[in-house]
Amino acid sequence: MRYKISAPHPVNHLIEIEMTVENPSGAEMSFQLPSWRPGRYELGNFARNVQRWNAFDEKGMPLPFRKTGKDLWQVNVNDASAVVIRYNYFAAQLDAGGCWLDENQLYINPVHCMLYVPERMHEACEVSFDLPMSYKLATSMEKLSDHVLKAQDYHELVDSPVIASPTLQHKAFTSGSTIFNIWFQGDCKPDWNRVVEDFKKFSEEQIRTMVDFPVNEYHFLIQILPFRFYHGVEHLKSTVLALGPGSNLMEPALYIDFIGVASHELFHSWNIKTIRPAEMLPYDYTRENYSRLGFVYEGVTTYYGDLFLVRSGVYSVDQFFMEINARLQKHFDNYGRFNLSVADSSFDTWLDGYGPGIPNRKTSIYDEGCLIALMTDILIRTKSKGQASLDEVMRTLYRDFGKRKIGYTESDYLSIVEKLSGESMADFFMDYVYGTEDYEPLLSESLSLAGCQLVKRSSTFDSEKYFGFKTILSEGKTIVKQVAPRITGRYSRTGQGRRNYQCE
Amino acid sequence: MKVSENIQDLLHLFAGEKIILTTYSPLQKMKDISLAPSKQEYFSNYFIRRKEKASPDEQRMFKAWLKNDFYPVG
Ligand SMILES: [Zn+2]
């Protein structure tokens with residue numbers, strides 16, 4: 001599979017892409033564009049950014065085609081010995097998971113814009129860039145030459161973002177046998193000594209905990225924006241972080257976010273890119289990949305992202321507590337915790353997982369998932385009398401599933417946790433992961449076992465404390481932002497042992 | 001009385017009395033809302049801190065969990 005990428009008019013944000021498929025078989029050939037990208041579990045419908053699409057044979061003669069799905073094209077191959085697709089893609093989304101083209105850089109997440117032939121996804125992909133020679137390429141893909149890249153198959157291609165620019169800043173460090181690259185694109189002045197030292201600390205802590213790293217070389221690709229922003233997207237051999245403003249990169253508030261998101265995304269190299277729920281192995285790029293395991297692939301990652309930072313000395317204990325406190329506050333402010341479990345909220349990320357949604361409907365695989373991971377960790381430590389922890393759970397998943405390229409199921413996760421705890425954890429999972437039981441008593445009890453207190457203080461705002469609504473001030477107006485539901489029921493066991501809580 | 005940036009003060013000042021707020025709906029209609037305080041508390045603040053005195057077992061768990069001493073050195 002060969003792709004050529006050019007950008008003759010960067011100012012219009014349109015990337016020109018030419019895909020060549022040799023030796024087509026059959027009278028018709030399908031070309032698919034992904035409808036979502038791994039890491040964001042909702043449909044992205046990237047085909048909306050394709051402005052123009054045409055098919056040709058090896059001599060440049062047009063081939064007839066028609067769309068048979070929103071992101072699926074069918075080409076009448078006739079007797080062509082090669083099919084060439086020429087199309088363009090509107091690249092105007094500059095974040096950690098998008099595509100962007102301007103006079104300063106070409107940035108692509110191939111999952112947005114690279115077509116595939118469904119029955120030929122296993123074939124190697126070669127991508128050549130027609131760009132000025134001053135442009136360097138930051139990517140995890142193999143470099144055949146300065147501007148030609150290779151991926152082993154389509155899955156690797158779409159897991160390999162590329163930043164092409166003449167102004168990349170770069171440093172590398174080695175940890176064990178793994179090379180780590182840090183790339184910055186955009187206006188910023190990193191304190192390289194501090195950045196490399198901190199990245200090395202948390203990377204080494206992660207590798208120590210997980211025994212080894214899934215790949216030989218890894219790239220942190222950092223897009224610097226001129227406004228307040230932080231966001232990251234994981235890949236097996238790289239991550240893209242989008243951060244801003246660049247002028248504040250080394251200021252404490254942004255730097256803490258920077259390090260936090262970097263550590264989180266690195267742990268994804270194990271947890272989701274290697275340790276994968278069975279229902280996502282392999283990814284199906286054409287439709288929703290439903291999973292109730294978001295509390296593991298995002299919740300455990302959120303927990304460990306910060307835990308590795310405190311364990312490696314990059315964060316202080318107080319800083320770690322501040323990160324957990326932010327999760328706690330979001331959890332307790334969200335009355336949706338009595339309505340939809342974190343497992344069911346994982347399933348529903350495909351519905352409305354990344355916006356606030358309607359009031360009090362759902363929970364978060366990040367926030368509730370992190371708190372579930374924290375409680376699971378301390379429960380395992382307690383039940384096993386200090387012999388095991390969530391570390392062993394993740395190592396077991398990596399060794400027995402991830403490295404063997406076997407997807408794990410919900411029951412695999414439960415049975416590993418139970419085996420390491422030495423006793424049943426079914427009630428915990430039923431009540432807190434698959435149910436909507438109040439976390440507060442168990443959180444308090446768990447933290448106490450580790451010498452900590454969960455402190456609850458009344459709100460100092462009367463509207464919040466006595467009247468159940470939160471307000472914000474905007475342009476002299478008082479705006480009601482959240483209203484607590486009127487609670488009409490108490491916990492009650494149903495016949496299945498599940499607990500219900502009713503809100504209205 | 002006009003509510004602009006003083007709603008918390010007003011709720012506090014008239015605690016225990018019936019309060020009626022005239023509000024704008026999203027469709028720009030005037031709407032009266034009667035507010036009554038609840039005995040139940042909402043939207044509390046939560047945070048974690050070390051216990052003042054933790055048992056040796058708890059300190060060991062803390063250290064194993066966070067790889068930091070329970071009592072910060074220095
Ligand atoms: Zn994540």
Side-chain angles (χ1 to χ4, degrees), chain A residues 205 307-308 310-313 315-318 320-322 324-329 331-333 335 374 377-378 381-382 386 389-390 440 443 447-471 473 476-478 480 482-487, chain B residues 1-26 28 31 33-74:
Chain A
E205 184 65 34
L307 190 61
F308 286 127
V310 66
R311 284 179 174 176
S312 60
Y315 277 1
S316 66
V317 169
D318 287 342
F320 173 72
F321 284 171
M322 279 175 65
I324 297 292
N325 291 344
R327 306 284 165 192
L328 282 171
Q329 199 58 52
H331 169 73
F332 285 112
D333 281 350
Y335 284 84
L374 186 155
D377 194 7
I378 295 181
R381 289 172 185 277
T382 306
S389 69
L390 195 59
E440 187 176 336
L443 267 173
L447 289 164
S448 176
L449 291 165
C452 298
Q453 272 180 297
L454 176 64
V455 182
K456 177 182 179 180
R457 290 256 169 87
S458 297
S459 171
T460 53
F461 299 114
D462 280 20
S463 74
E464 296 182 7
K465 182 177 174 184
Y466 299 118
F467 295 91
F469 65 94
K470 281 176 173 270
T471 61
L473 288 172
K477 288 183 187 162
T478 299
V480 176
Q482 192 183 354
V483 181
R486 194 147 52 90
I487 292 166
Chain B
M1 196 173 290
K2 188 184 174 200
V3 177
S4 58
E5 297 181 5
N6 55 350
I7 190 162
Q8 303 300 340
D9 296 337
L10 291 174
L11 292 174
H12 197 70
L13 190 64
F14 296 109
E17 293 181 41
K18 188 174 180 184
I19 301 171
I20 301 207
L21 288 181
T22 302
T23 64
Y24 268 120
S25 77
Q28 303 291 310
K31 197 181 205 178
I33 294 177
S34 160
L35 295 179
S38 163
K39 284 180 186 142
Q40 181 186 346
E41 281 194 17
Y42 299 94
F43 296 119
S44 300
N45 298 317
Y46 289 82
F47 60 93
I48 301 174
R49 68 178 172 206
R50 291 179 180 85
K51 289 181 185 173
E52 279 183 22
K53 280 188 182 167
S55 71
D57 277 352
E58 290 168 352
Q59 290 182 42
R60 266 192 292 278
M61 171 82 94
F62 182 96
K63 174 104 196 234
W65 174 38
L66 301 183
K67 294 195 180 173
N68 273 254
D69 289 323
F70 184 81
Y71 293 109
V73 179

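Here is the naming used below: chain letters follow the sequence lines, and residue numbers restart at 1 for every chain.
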Side chain, backbone, both or neither: which part of A:Ser312 has a non-hydrogen atom closer than 4.5 Å to chain B?
neither

By a 4.5 Å heavy-atom criterion (distance strictly below it), what part of A:Ser389 contacts chain B: side chain, backbone, both, or neither?
neither

Pick from B:Ala54, B:Ser44, B:Ser55, B:Ala64 with the largest number of heavy-atom pairs that fall under 4.5 Å of chain A:
B:Ser44

Do you know which of A:Glu440, A:His331, A:Met322 has the most heavy-atom pairs with chain B at a distance under 4.5 angstrom?
A:Glu440

Given heavy-atom pairs under 4.5 angstrom as the criterion, report whether the side chain, backbone, both or neither of B:Glu41 touches chain A.
both

Indicate yes or no for a side-chain donor-acceptor contact from A:Gln482 to the backbone of A:Asp333 under 3.5 Å, with no hydrogens or angles considered.
yes

Take atom OH in A:Tyr466; do more than 12 heavy atoms of anything else shown fall under 6.0 Å from it?
no

In terms of heavy-atom pairs under 4.5 Å with chain A, which of B:Lys67, B:Lys39, B:Glu52 leads?
B:Lys67

Sort A:Glu464 into side chain, backbone, both or neither according to what part of it lies under 4.5 angstrom from a heavy atom of chain B.
both

Between A:Leu449 and A:Arg381, is any pair of side-chain heavy atoms under 4.5 Å apart?
no

Judged by atom type as modelled, is there a donor-acceptor pair below 3.5 Å linking the side chain of B:Arg49 to the main-chain atoms of A:Asp318?
no

Quick one: what part of A:Leu454 sits under 4.5 Å from any heavy atom of chain B, side chain, backbone, both or neither?
both

Contacting moiety of B:Phe47, where chain A heavy atoms sit under 4.5 Å
both

So do B:Gln8 and A:Ser463 actually touch side chain to side chain, heavy atoms under 4.5 Å?
yes

Which bit of A:Ile378 is near chain B, if near means a heavy-atom gap under 4.5 Å: side chain, backbone, both or neither?
both

Applying a strict 4.5 Å limit to non-hydrogen atoms, the region of A:Phe469 in contact with chain B is both

Stepwise side-chain hydrogen bond (donor to acceptor under 3.5 Å, both in side chains) check, B:Lys18 with B:Ser34:
CA-CA 7 Å; B:Lys18 188 174 180 184; B:Ser34 160; 4.9 Å; no

Looking only at A:Gly468, A:Ser459, A:Ser316, the option with the highest number of non-hydrogen pairs under 4.5 Å against chain B is A:Gly468

With only heavy atoms counted, which part of A:Thr382 is less than 4.5 Å from chain B, the side chain, the backbone, both or neither?
both

Any side-chain heavy-atom pair from A:Phe321 and B:Leu66 closer than 4.5 angstrom?
yes

So do B:Arg50 and B:Pro72 actually touch side chain to side chain, heavy atoms under 4.5 Å?
yes

Looking only at heavy atoms, which two atoms of B:Asn45 and A:Gln329 are closest? And how far apart?
CA-OE1, 3.4 Å

Counting heavy-atom pairs under 4.5 Å with chain A, which one of B:Ile48, B:Leu11, B:Ile19 comes out on top?
B:Ile48

Tell me, for B:Ile7 versus chain A, whether the close heavy atoms (under 4.5 Å) come from the side chain, the backbone, both or neither.
side chain

Out of A:Gly313, A:Cys452, A:Gly386, which one racks up the most heavy-atom pairs below 4.5 Å with chain B?
A:Cys452

Are A:Tyr315 and A:Phe308 close enough, and set up right, to give a ring-ring contact (aromatic ring centres under 6.0 Å, His included), and what steps lead you there?
CA-CA 9 Å; A:Tyr315 277 1; A:Phe308 286 127; over 10 Å; no

Highest number of heavy-atom pairs under 4.5 Å with chain B: which of A:Asp462, A:Leu473, A:Leu328?
A:Asp462

Run A:Leu374 and B:Trp65 through side chain to side chain contact (heavy atoms under 4.5 Å, CB included) and show every step you take.
CA-CA 10 Å; A:Leu374 186 155; B:Trp65 174 38; 4.2 Å; yes

